[in-house]
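Before any comments, here is the structure.
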Number of protein chains: 2
Amino acid sequence: MTLTHDPLSTNCRAVSAVLARVGDKWSVLIVTVLGPGPRRFNELKRSINGISQRMLTLSLRGLERDGLITRTVTPSTPPRVDYELTELGRSLLKPVMALTDWAIKNQSAIKLAQTEFDAASQPDMERRPLQASSSA
Amino acid sequence: MTLTHDPLSTNCRAVSAVLARVGDKWSVLIVTVLGPGPRRFNELKRSINGISQRMLTLSLRGLERDGLITRTVTPSTPPRVDYELTELGRSLLKPVMALTDWAIKNQSAIKLAQTEFDAASQPDMERRPLQASSSA
DNA sequence: CGGAATCCCTCACGATACTG
DNA sequence: CAGTATCGTGAGGGATTCCG
């Protein structure tokens, strides 16, 4: 194992690549949507609020390239393209869910920490208008 | 639970924020380095090959803001600043390790899928110089 | 329907220099 | 030692248009 913390290390680069994909804004969302079963392009687009056509295409390509999903074309009119998780993709779902569970469980603690941090960083907010202003 | 796949949903935004932090190039690396115990600023900088001073500072600030690490200043000369995982930070380590384990286990499968995908995308590479060239 | 191609903008990040 | 400040680059990503 021996994570070397050296980004140039082979293991570390592989891990970083996976973490980058997980941290990608849309990929995990797509994978979770595909969890229950295959979906068509526009089904995905409608399911995921706010994604652009471009980013959906690019994200799907990346996931396909990594072997996490398959792309099946049915040459009908209109054409039909289905995306589906591979076994590898489904296996990724488990550790990802562990992480999302952690996120949901601890989101309030994080929010609180952020609020406290921001309050401490902005002591100006604490600046009460003290008596000087209305001295007249 | 009910992940809505709607980025505007409260749960989904919290999850995305955590995934973004995990997917961040340096944060997870920093957290794993801090796993065994507290470290000073330049210890971290030397431990993590390739990180710039700026990014280390920014990443540490972000982690501190999220309540994942603490920053302790010892006002000596020269000044000394120690960073240490909080309980929350340590608890994050477990699901993250699950993900990194998955990454290490499946890195070869991913590499293979990528190679095949790239080969299929570039049929030009298969272009053998066929007999025409050396017809003479 | 399911893309590919183009334009354009922002902002994340690295490099460098300065400070307490 | 442990930062902050400033600048310059370029990759990420949205909007739009065209195609089979």
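Order of the sequence lines fixes the chain letters, A, B, ..., with proteins taken first and strands second; residue numbering starts at 1 for each chain.
Nucleotides of DNA chain C lying under 4.0 Å from heavy atoms of chain A occupy a range whose first and last members, 5' to 3', are dC1(C) to dT6(C). Chain A approaches DNA chain D within less than 4.0 angstrom (heavy atoms of the protein), and the contacting nucleotides run 5' to 3' from dG13(D) to dG20(D).
Within residues 54-71 of chain B, the residues having any heavy atom closer than 4.0 Å to DNA chain D are, in order of number, R54(B), T57(B), R61(B), R71(B). Contact check of residues 35-43 of chain B against DNA chain C (heavy atom, cut-off under 4.0 Å) returns no residues at all.
Five base pairs at each end of the helix from dC1(C)-dG20(D) to dG20(C)-dC1(D) define two local axes, and these are offset by 40° (rounded to 10°).
Following chains of ILVMFWY side-chain contacts shorter than 4.5 Å, one can reach V73(B) starting from L63(B), so the two form part of one hydrophobic cluster. Placement of L56(A) and F117(B) in two distinct hydrophobic clusters is found when ILVMFWY residues are connected by side-chain heavy-atom separations under 4.5 Å, directly or transitively.
Scored by the salt bridge (charged side-chain N to carboxylate O under 4.0 Å, His left out) test, R71(B) finds no partners at all (sequence neighbours excluded). Under the side chain to side chain donor-acceptor pair (under 3.5 Å) criterion, S59(B) pairs with no residue at all, not counting sequence neighbours. The salt bridge (charged side-chain N to carboxylate O under 4.0 Å, His left out) test applied to R61(A) returns no partner, not counting sequence neighbours. Remark: R54(A) engages no residue in a side chain to side chain donor-acceptor pair (under 3.5 Å) (not counting sequence neighbours). With sequence neighbours excluded, the residues satisfying side-chain contact (heavy atoms from CB on, under 4.5 Å) with L88(B) are W102(A), N106(A), A109(A), I110(A), L68(B), T86(B), S91(B). Under the salt bridge (charged side-chain N to carboxylate O under 4.0 Å, His left out) criterion, D82(A) pairs with R80(A), sequence neighbours left out.
For the atom pair CZ (R90(B)) and CG (L34(B)), the distance works out to 10.5 Å, reported to the nearest 0.5 Å. Taking OH from Y83(B) and CG from L60(B), the interatomic distance works out to 5.0 Å, rounded to the nearest 0.5 Å. Remark: M55(A) CE to I30(A) CD1 distance equals 8.5 Å, nearest 0.5 Å.
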Given side chain to side chain contact (heavy atoms under 4.5 Å, CB included), test L29(A) with C12(B) step by step and report yes or no. CA-CA 9 Å; L29(A) 219 43; C12(B) 200; 4.0 Å; yes

Walk me through it: do Q107(A) and V15(B) pass the test side chain to side chain contact (heavy atoms under 4.5 Å, CB included)? CA-CA 8 Å; Q107(A) 59 175 311; V15(B) 169; over 6 Å; no

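Checking K25(A) against Q53(A), the closest nucleotide of DNA chain D that is more toward the 5' end is the one next to K25(A).
For residues 28-48 of chain B, no residue pair satisfies the salt bridge (charged side-chain N to carboxylate O under 4.0 Å, His left out) rule, not counting sequence neighbours.
Looking at V31(A) and V96(A), their side chains never come closer than 4.5 Å, going by heavy atoms from C-beta outward.
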